[in-house]
Amino acid sequence: MKISIVGCGKGGAKLIRLFQAMESVEIVSVVDQNLQCQGMTLAQNLKIQTLTDLRQISDNVEMIIEATGNKGVQDKLHALYPTKKIVESDVAKLMMQMVDKQIEASEKLNVQLNKMNEISQELYSQMNDLISGTQAINQINSLLGQSSEESKNYIVQTDEMVSAINKITQQIKILGLNANIEAARAGEHGKGFAVVATEVQKMSDSTSAFAARISGLLQSLSEENKKITTNIEVLAGHSKEQEGLSSKLEEIVKSLKTV
């Protein structure tokens, strides 16, 4: 629809903005005797024809919107263009109020969007911190896993050493026993040797007891290491879940930033 707006003060400028945004409406011209008024300046910037005489309104205009509120102007428009649709100032005023409401709603929406943008920026920052923390936890978890594996190897090696010590201890004990037997056969001449053999047996018994204690400690250490490994696996599962949630939240925050 082709229209012309008569009266280009502040209210006329609002109507220009309203109809300029409508694809189905073409503002052919605006009319006002004051070329410096707000609506005329806006029309010139938008490349809309500006007129100072009502009689200059083009014949192809289908509707004239009278925005002056002047009864004389209304009467003159009806006299000049009896066949055209003329929207009088009361209806035009209603349109202006609609524009005001639209602008007010738009401003409120912009405020809300700005707040949402600030919140999304903060969320994005927090998400980055959360992701960094999750990555750090994963690295620590990986290191703990490596340490746990190394501890297992050390336990196995130490256990092998204890087994070797037990074998040596058994051999020393047998040697001590044989030495005592030989000392007894030697009679008086073997008494000194018997003392040494007895001490060797005592040392063997002490070493055996000490090896048993070490073996018990290694067993306890192995059990604790198993618990640590289990907890590491649980932690790894939680970290993976947290990483997945973090990625989903990051996508949500990114989508908020693009709104």
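- Atom CE of Met40 and atom CG of Leu35 lie 4.5 Å apart (nearest 0.5 Å).
- A distance of 14.0 Å separates NZ of Lys14 from CZ of Phe19, quoted to the nearest 0.5 Å.
- No donor-acceptor pair under 3.5 Å is formed between the side chain of Gln38 and the backbone N or O of Gly9.
- Looking at every heavy atom in both residues, Val31 comes nearest to Ser4 through CG2-OG, 4.0 Å.
- Applying the side chain to side chain contact (heavy atoms under 4.5 Å, CB included) test between Ile86 and each of Ile65, Val6, Leu80, Leu77 identifies Leu77 as the sole match.
- Closest non-hydrogen pair, Val73 versus Leu54, comes out as CG1-CD1, 4.2 Å.
- In this structure, CD1 on Ile5 lies 12.5 Å from OG1 on Thr50, to the nearest 0.5 angstrom.
- In this structure, Gln44 contributes its side chain and Lys47 its backbone to no donor-acceptor pair below 3.5 Å.
- Counted by atom type alone, His78 and Glu66 present zero donor-acceptor pairs between their side chains at under 3.5 Å.
- Taking 4.0 Å as the cut-off between side-chain N and carboxylate O, Glu62 and Lys2 do not count as a salt-bridged pair.
- When all heavy atoms are compared, the tightest approach of Ala13 to Leu42 is O-CD2, 3.6 Å.
- Remark: Gln33 CD is loosely packed, at most 12 non-hydrogen atoms of other residues, nucleotides or ligands lying under 6.0 Å away.
- Across every non-hydrogen atom of Val30 and Cys8, the tightest pair is CB-SG, 3.4 Å.
- Arg17 contributes atom CZ, which lies 11.0 Å from atom CD of Gln20 (distance to the nearest 0.5 angstrom).
- Interatomic distance, Ile64 CD1 to Ile57 CD1, rounded to the nearest 0.5 Å: 4.0 Å.
- Judged by distance alone, the side chain of Ser29 and the main-chain N or O of Gln49 form no donor-acceptor pair under 3.5 Å.
- Residue Ala43 comes nearest to Ile16 through the heavy atom pair CB-CD1, 4.3 Å, listed as atom of the first residue, atom of the second, then distance.
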